[in-house]
Amino acid sequence: SNICSLPFLAKICEMIKSAIKNSVPFKDVDSDKYSVFPTLRGYHWRGRDCNDSNGMAYPGRRPDNWDIHQDSNCNGIWGVDPKDGIPYEKKFCEGSQPRGIILLGDSAGAHFHISPEWITASQMSLKSFVNLPTAITDELNWPQLSGITGFLNSTSGITEDSIYLRLRKRNRCNHRDYQNISKNGASSQNLEKFIESLSRNQLLDHPAIVIYAMIGNDVCNGKSDSVPKMTTPEKLYSKVMQTLKYLNSHLPNGSHVILYGLPDGTFLWDNLHNKYHPLGQLNKDVTYAHFYSFLNCLQVSPCQGWMSSNETLRTLTSQRAEQLSNTLKKIATRKKFTNFNLFYMDFDFQGIIKEWQKRGGQPWQLIEPVDGFHPNEVASLLLADVFWKKVQLQWPQVLGKENPFNSQIEKVFGDQGGH
Amino acid sequence: HSNGHSCVGCVLVVSVIEQLAQVHNSTVQASMERLCSYLPGKLLLKTTCYLVVDMFGPDIIKLLSMDKNADVVCHTLKFCKQDPGQPLCHLYPLPKETWKFTLEKARQIVKKSPTLKYSRSD
C-alpha cells in the first residue's frame, strides 16, 4: 500500500515529501527557490525562473548591471537599445519603483478547489479528470488562479484580475515577481514552520508588498470541542509579532505589510445548509447540513465552528474571529518597523456579497461547492478587487506609480516571456 | 475518529460509482470500469483505480446490488468504523431498519456468498 516503499521510488518520494513539507520547489536546479516546473511548489506558486542554472537570476531581484547581458530578474527586459546605447532595464524601470507581491496564507489564499466534475456522475466524462494530476501535485490548490498571485486568465468568466496582474499592469517591470507562500491548514501558530520558504534578499531584491492572510484556521478545526482549540488573542499577538520581526529582517527597505482580518463565517451555514451538496443533487438526498454533520462526526471538518447546526457555536466562532481581527488591528496601529510600513484591512465578505448580488448572483455561488467552505475563484477575485480599491484609496504609496514606459516595454518585449 | 479521511474518501468514491450506474443504467461493475477509464494514466491514477477495483470490486458489487448505500458499504468494508462510545457517522439518511441489523445483514452478504474472482470485462 505504501508505494514509496518500492526501492526505485524511495528517492523521488523523499524529494517530493521534502518539497511539500518545506513549501519550496521540487525542481530547482540552482536552489534559488524559483523553478521552471509548474507544480510541486513550482511556478504556479512563485515567478518562473528564467535561468535555472544560475542562482543569481530570479524574479524580484534588482538588475545586475542593468541587465545589459542577461535578464537577471526574469522580467523579460534586458539588453541595450541600439538607438542610444542605454540598457532597456535602465531606460524603462529605473525610478519606477518595481515591487513584488508575497502572500503568507492558508488554503483560501492558495485557492483550494476540488472540482465538482470529479464527483458529479451525471456530467462525468473522459475530460472530467484531465486536471486531476496537476491538482494533486499542487496539494489540491490552484495558486495560478488565486486572487492574490494568480497569473492565468480566470476560468469563471469574471473580469477582475488578481493583485499580481494588477501590479504587473501598473508597472510591467513587476513581471513574474509573485510568491504564494501558503499552506493548507496554515494559521498564525504554524506559519513559522514554512515562512523560511519566502524568498527575498534584503540587499539585492526590490521591496515587496506582503499580505498576511491567515483567515480561518485560528478559529477553525475539526475537533468536537472546537472552542478550546481556537487561537487566543494573546497567542495570536505573540506569533504575529514574531512573524513581523522575521519579515523586518528579510524584507528590503521600502516594503509594505498588510494584515488581513478574519471573516464572519456564519455566512456559510446561513446560505448553504439547506442547499443540495453535489453528491446529493442526483437523488435530492444530501444537503450541506448532512455533509457538515458527517464531517463533524468524523472530526475531519475543515471548520467545525462555522460548519455546524449549532448556532451558539457559530456565534462563538465569529466572536473569537472578531477578537483576533481586533488584535491584528491593534498591532497595525501601534507597531512600527524599520523596513516596512504596516497596515490592517478587514476581510469584507459582506461587501463582496453585495457586489455579487448587484450583478444578479446568489451568495452561495461564492463558496466552493464540494467542500462547502472555501471562497471560490469568483469570491477570491472580487476580494482582490475590493482590496485593490481600498489600498488605492487609503494607501496609494503601497502600489507604486504607473510606469509611463509600459507601452514601450510591451512594444519591445511583447509578453516578456510570459509566465 | 482514527480513520475519518479514509471514511470520507470511501463514501465519496462509492457514491460516484453508485450514481454512475444510476445515470447510465448500467451494472455496478460497468460503472466501476467506466470510472477507471475516465482517470488519466499520470501519477498511476488509472492503475490505482483498477487495483482498488480488483481488491474491493466484488464486495462493492454484491452490496450495491443489494441496494446498500455508500455508508453501509464503507462501514462493511471497514473504511468507516464506529469507535466505542462514538456516534455513528453517516452521510445519507439512515435506512428504515436498525443500523445494527442493516450492518449485520451486509456483513453476511459479503461473508456468505463465494468470493468472486474479479474478472475485468474486455
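Given the structure is predicted, the values throughout are model-derived calculations rather than measurements. Chain letters run A, B, ... following the sequence lines, proteins first and then strands; every chain starts at 1.
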Item to check | Contact listing (chain B partner; residues 272-280 of chain A; heavy atom under 4.5 Å) | outcome: A:Leu279
Checklist entry - In terms of heavy-atom pairs under 4.5 Å, which option from B:Leu39, B:Val13, B:Leu35 contacts chain A the most? => result B:Leu39
Next on the checklist: Show every side chain to side chain donor-acceptor pair (under 3.5 Å) that has at least one partner inside residues 65-79 of chain B, sequence neighbours left out.
Outcome noted: none
Engaged part of [X] at the chain A interface, taking heavy atoms whose separation is under 4.5 Å:
X	value
B:Leu44	side chain
B:Leu43	side chain
B:Leu20	both
B:Ser31	neither
B:Glu18	neither

Side chains of [X] and [Y], donor plus acceptor under 3.5 Å:
X	Y	result
A:Glu117	A:Ser115	yes
A:Thr287	A:Tyr292	no
A:Asn184	A:Asn141	yes
A:Ser154	A:Ser156	yes

Checklist entry - Judged by atom type as modelled, is there a donor-acceptor pair below 3.5 Å linking the side chain of B:Asp54 to the main-chain atoms of B:Gly57? => result no
Next on the checklist: Which residues pass the ring-ring contact (aromatic ring centres under 6.0 Å, His included) test with A:His113, not counting sequence neighbours?
Outcome noted: A:His111, A:Trp142
Checklist entry - Which pair of non-hydrogen atoms, one from A:Thr39 and one from A:Asp138, has the smallest distance, and what is that distance? => result CA-OD1, 3.3 Å
Item to check | Which atoms of A:Asn296 approach chain B - backbone, side chain, both or neither, heavy atom under 4.5 Å | outcome: neither
Checklist entry - Which answer fits A:Ser122, side chain, backbone, both or neither, if we ask what part of it has an atom under 4.5 Å from a heavy atom of chain B? => result both
Checklist entry - Can the ring centroids of A:Phe373 and A:Tyr288 be said to lie less than 6.0 angstrom from one another? => result no
Next on the checklist: Once side-chain hydrogen bond (donor to acceptor under 3.5 Å, both in side chains) is applied, do any residues pair with A:Trp118, and if so which ones, sequence neighbours excluded?
Outcome noted: A:Asn131
Item to check | For chain B, the option from A:Asn283, A:Val286, A:Ile119, A:Leu282 that forms the most heavy-atom pairs under 4.5 Å | outcome: A:Leu282
